[in-house]
Amino acid sequence: MASLDRVKVLVLGDSGVGKSSLVHLLCHNQVLGNPSWTVGCSVDIRVHDYKEGTPEEKTYYIELWDVGGSVGSASSVKSTRAVFYNSVNGIILVHDLTNKKSSQNLYRWSLEVLNRDLVPTGVLVTNGDYDREQFADNQIPLLVIGTKLDQIHETKRHEVSIRTAFLAEDFNAEEINLDCTNPRSSAAGSSNAVKLSRFFDKVIEKRYFCREGNQIPGFPDRKRFGGGTLKNFHYD
C-alpha cells in the first residue's frame, strides 16, 4: 500500500462549516463524534479505485488536506497557510448550507490558493455576480460541497439548492449537498458517491495522464505549483 501513487486535494472553507466532519466521513465512512477546531492543517487519506470496474482500474491514495483558519485572517496567517498550497491537484470547496456568508467566501478561499502570491483585493461578489475572468484559466479540478443538509427543513431544501446552484456554475464544478452526520449521504451507489468518484478520477487524470501532469497554472503569468508532499501530520 505504501507504494501507491497519490494526489493532493485541499479541503477549504470557513471555520465551522464542517470540513473535519466531511473529511472523516469521506476517509472512514464514519461520523466524527466530537469534531474539534483544526489548527493549521490536518491530513487524512482516502483509498480510491480509479476507473473502478474497468480494465484501467488502479488504486490511488487521495490525500485530503483540511486547512483551518478564517478567510479574513491577517496577512501573516495567510502567508503561513500558503505552505499547504504547494503541489495541489484538486480542491474541495466546503460551505454551510445554513450560512450564506460561507458560500460567498468560497470565492476568496479559491483565489487565496490559485493566486496565493498576492492578497486578493476588491469586491469579488456584488449582487450575486463576480468577475469570472479571475477564475477563467484555472485547470485544477474543483468540487463544491454544501454541509449540514440535515439542518435544512425538507420544505426548504429545494429553495436552498436553487440559491447555491450558482456556485457550481461559477466554479465549473459539480455540487454535492449532504449530511455529514449520516454515512448514507455518501454511501456506495448513491448519487453523491458517484459525483465524488468522478471528481477523484478527474483529479487523478489531471495529475498522471495530462501532458503537464501536476504542473497546473492558476492564473496567467503566475508561478506554477511546486513540489513536495506531507502525510498524516497536524500542524500547530
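The shown structure was predicted, so the numbers you read here are calculated from the model rather than taken from an experiment.
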For Val17 and Lys148, what are the C-alpha separation, side-chain angles and deciding distance, and is it a side-chain contact (heavy atoms from CB on, under 4.5 Å)?
CA-CA 8 Å; Val17 297; Lys148 305 185 184 181; 5.7 Å; no
Evaluate whether atom CG of Asn172 has more than 12 neighbouring non-hydrogen atoms of other residues, nucleotides or ligands under 6.0 angstrom away.
no
Crowded around Arg198 CZ? As in, over 12 foreign heavy atoms under 6.0 Å?
yes
Please walk me through it: do Ile92 and Leu10 pass side-chain contact (heavy atoms from CB on, under 4.5 Å)?
CA-CA 6 Å; Ile92 295 177; Leu10 293 179; over 6 Å; no
Please answer whether the main-chain N or O of [Y] pairs with a side-chain N or O of [X] as donor and acceptor at a distance below 3.5 Å.
X: Glu57; Y: Gly53; result: yes
X: Arg207; Y: Lys8; result: no
X: His153; Y: Thr155; result: yes
X: Arg46; Y: Tyr61; result: no
X: Arg81; Y: Gly40; result: no
X: Lys19; Y: Gly13; result: yes

Do [X] and [Y] belong together in a cluster built from hydrophobic side chains that touch within less than 4.5 Å?
X: Leu106; Y: Val67; answer: yes
X: Val43; Y: Ile91; answer: yes
X: Leu32; Y: Leu22; answer: no
X: Leu25; Y: Val94; answer: no
X: Val83; Y: Leu114; answer: yes

For the rings on Tyr208 and Tyr50, is their centre-to-centre separation under 6.0 Å?
no
Determine whether the aromatic ring centres of Phe200 and His48 lie less than 6.0 Å apart.
yes
Using the rule given for side-chain contact (heavy atoms from CB on, under 4.5 Å), can you reason through Trp65 versus Leu12, listing the C-alpha separation, both sets of side-chain angles and the distance that settles it, and then say yes or no?
CA-CA 8 Å; Trp65 290 53; Leu12 302 176; over 6 Å; no
Polar side chain donor-acceptor pair, [X] to [Y], under 3.5 angstrom:
X: Ser186; Y: Asn192; answer: no
X: Ser102; Y: His95; answer: no
X: Asp96; Y: Thr98; answer: yes

Charged N-O contact under 4.0 Å between Arg6 and Glu63:
yes
Is any NZ, NE, NH1 or NH2 atom of the basic residue among Glu175 and Lys195 found under 4.0 Å from an Asp or Glu carboxylate oxygen of the other?
no
Can you tell me how far apart [atom1] ([X]) and [atom2] ([Y]) are? Round to the nearest 0.5 Å.
X: Asp14; Y: Leu93; atom1: CG; atom2: CG; result: 11.0 Å
X: Gln151; Y: Asn99; atom1: CD; atom2: CG; result: 10.5 Å
X: Cys180; Y: His24; atom1: SG; atom2: NE2; result: 11.0 Å
X: Lys51; Y: Lys58; atom1: NZ; atom2: NZ; result: 12.5 Å
X: Ile145; Y: Leu196; atom1: CD1; atom2: CG; result: 5.5 Å
X: Ile162; Y: Arg157; atom1: CD1; atom2: CZ; result: 15.0 Å

Contact check, side chains of [X] and [Y], non-hydrogen atoms, under 4.5 Å:
X: Val47; Y: Thr59; value: yes
X: Leu97; Y: Asn177; value: yes
X: Val31; Y: Pro183; value: yes

Contact summary for [X] and [Y], nearest pair of heavy atoms:
X: Val88; Y: Val113; answer: CG2-CG1, 4.4 Å
X: Ser103; Y: Leu167; answer: O-CD2, 3.8 Å
X: Val23; Y: Asp66; answer: CG2-CB, 4.2 Å
X: Asp201; Y: Asp49; answer: OD1-O, 4.2 Å
X: Ala173; Y: Leu142; answer: CB-O, 3.1 Å
X: Ala187; Y: Ala193; answer: O-CB, 3.2 Å

side-chain contact (heavy atoms from CB on, under 4.5 Å) between Val7 and Ile204: does it pass, once the steps are laid out?
CA-CA 7 Å; Val7 292; Ile204 291 167; 4.1 Å; yes
Would Asp179 and Ser185 count as a side chain to side chain donor-acceptor pair (under 3.5 Å) here? Give the steps.
CA-CA 6 Å; Asp179 170 11; Ser185 291; 4.8 Å; no
Determine the sole option in Trp109, Phe166, Tyr107 for which the ring-ring contact (aromatic ring centres under 6.0 Å, His included) test with Phe171 is passed.
Tyr107
